[in-house]
Amino acid sequence: MTMEPVLEIRNLNVEYGLGDKAVRAVRDVNLTLHRGEVLGLAGESGSGKSTLAYGLTRLLAPPGVITGGEVIYHPEKSDPYDVLGLSDKALRAFRWAETAIVFQGAMNSLNPVHKISTQLTDVLKAHEPKMSDHTRNARAREMLKLVGISPDRMDAYPHQLSGGMRQRVMIGMALILQPQVVIMDEPTTALDVVMQRQILGQLIELRERLGFSVIFITHDLSLLVEFSNRIAIMYGGRIVEEAPAATIYRDALHPYSKGLLSSFPALRGPRRELAGIPGSPPDLAGMPSGCSFHPRCPRAFEPCSQHIPVLGRPDAQNGAARSVACWLHPTEQPVG
Amino acid sequence: MKYFLQRIAFYLFTAWAAITLNFFIPRLVPGDPVQSLIAKFRGQLSTEAINSLYVLFGLDDDKGLWTQYIDYWKQLFHGDLGLSFTFFPSPVSQIIGDALPWTVMLVGITTVISFILGTSLGVLAGWRRGSWTDGLLPVTTFFSSVPYFWLGIIAIYLLTGPDSFFPSSGGFDSALVPAFDQYFIPSAVQHSLLPALTILISSVSGWILSMRNMMVTVASEDYITVAHAKGLSERRVAVSYAARNALLPNISGFALSLGFIVGGTLLVEIVFSYPGLGFILLQALGAKDYPLMQGIFLVITISVLVANLLADLAYLLLDPRTRKEG
């Protein structure tokens, strides 16, 4: 795998509402997605992971506003550009063709009154208006086949498909324009465990074949450990730790990451004792001072409530490929 | 298909029940038409004349209620609704036939315009919240809270007069003979403008309100976000994704309102002395004209049922989820 970036998020800030009452849902996030990798994004509900995904594609519903930062997209053959600076027209062309999204609501992501075929082909109509109807249909059938749905379901309506099939249609739809980046926002939350694994397995296989990059958002860290290359952990709108999946799993540095990891049974490896994280996620409208995790942190000490720790390379072994924002692990140099 | 046949059977039963009620209700109203005729001619009728009137109207008590009911059905199947008392000796079917086109043209066209206008404005108001369209609702709701007959009276008071373009009453210039020619049609249109406007102003806000609210609800659905994420044009998302889904409740409302075209605007026709069905019904009620009342109620009943059937059909057509397989 090359370490060439495809999507760079720089100092992204997203707020809900305006003025003094605005809630900062994403704070100074720096994150780089490399070509061909699966980047996992984990955190409790309200940690800002979905907002981050909506923000970088500019899909935030009002009153969500991007208040700062850059999202640099690197096309395969031309110069990089800032997605946040695109005109409406350029943004429409960028969406789906470069960055497609699979949303969490598998049940509600398809328009109930149109056939599957209509919803697959209208993407092609919007992005490649010169394509003939015949080619469009052939392409749609090909995508259904790719995700394991019989092409004769083209004329089915969404309510005639099961939840798993609908989500597979969504994945097929996401890949129809061969985007460089696919954002998966809890794609399997609404499905049962068997279906989850089946769909994710299929997705990873498709990624190897088609070579797109994935941002995989979930609260289920166990899935990420298995399916992603790198994992970023979010808490209170900030990224608190980022490292290769195996490193996080074996040796998480941030107490919050450790808490998350010990709150579910591992898919593989020896049995461990399960423990939850005490307390509840912070109120984004009234964040604690300093490190936002310190009220719940078992290892909080003096600087934690005073100063916000900066995300950077930790002063620890194999610290080169990872970063963490914690006073327990003072950073050598900030990243980003 | 089975679902459809079930619906048809249900509507046939409802029609039977309605027609039976239609037969009995006028007979339960106290008083009789001959008495009101006597009152009308102020004692100028002799006893023999009164008796012959009873016989003529078929109100001599020789026949029981059951026989009358059977006869009523026989006549219905022949398309014979009896003779009107008020417009004696015109048959009821002819009177209704003359009045119906006026009502259907005036109220029908107005209802369609009101629905299309209101729904389109509702789509706009729901999709572009926070723009000038937010002002639409309070204004139109204010007008719809004014009773439409009162709106009509105000319109007559303010807009009509000897020199005004708008006539204050009637369906056409009384100097003209009804015909489809270049004199009559403009006159009929001119006469219909004020009543149509009155109905339009008072009914459009309902469509705006319900469509706007549905648009707002639908706009937060996941598939709308997906449609945006797919890079579809704003127009396509608004029309094909949002409005197409938001339209469903309004369509059934529209089909139901079609049923009330015939009987729903009695007061507008009275205020404007418009020669439609509502105006005739008022006269029939005043004269206890059973056959005419029954005839008009029958037409209203059937149109409501047909409208309901249309609503069912429209739903089948527009919402794939209501179609049952097999």
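Basis for what follows: all heavy atoms, side chains included, without hydrogens, waters or symmetry-related copies. Every chain is numbered from 1, with letters handed out A, B, ... down the list of sequences.
- Close approach to chain A, defined as a heavy atom under 4.5 Å from one of its heavy atoms, is seen in no residue of residues 104-119 of chain B.
- Using a 4.0 Å cut-off between charged nitrogen and carboxylate oxygen, Arg139(A) and Glu142(A) count as a salt-bridge pair.
- No more than 12 heavy atoms of other residues, nucleotides or ligands shown are found within 6.0 angstrom of CZ on Phe143(B).
- Residue Ile224(B): no heavy atom, backbone or side chain, is found under 4.5 Å from chain A.
- Aromatic ring pairs are classed by plane angle as parallel below 30°, tilted from 30° to 60° and perpendicular above 60°; the pair His159(A) and Tyr157(A) is parallel.
- Contact annotation for Ser220(B): neither backbone nor side-chain heavy atoms come within less than 4.5 Å of a heavy atom of chain A.
- With hydrogens and angles left out, the side-chain atoms of Ser210(B) and Asn250(B) include a donor and acceptor closer than 3.5 Å.
- Residue Phe94(A): no heavy atom, backbone or side chain, is found under 4.5 Å from chain B.
- If you run side chain to side chain contact (heavy atoms under 4.5 Å, CB included) between Ile101(A) and each of Ile215(A), Leu59(A), Leu56(A), Val181(A), only Leu59(A) comes through.
- The main-chain N or O of Gly278(B) is found under 3.5 Å from a side-chain atom of Glu269(B) such that the two form a donor-acceptor pair.
- At a threshold of 4.0 Å, the pair Asp133(A)-Arg136(A) counts as salt-bridged, since one of the basic side-chain nitrogens sits closer than that to a carboxylate oxygen.
- No donor-acceptor pair under 3.5 Å is formed between the side chain of Thr99(A) and the backbone N or O of Trp96(A).
- If you tally non-hydrogen atom pairs under 4.5 Å between each of Glu234(B), Arg129(B), Arg236(B) and chain A, the highest count goes to Arg236(B).
- Between chain B and the options Arg58(A), Lys89(A), His127(A), heavy-atom pairs under 4.5 Å are most frequent for His127(A).
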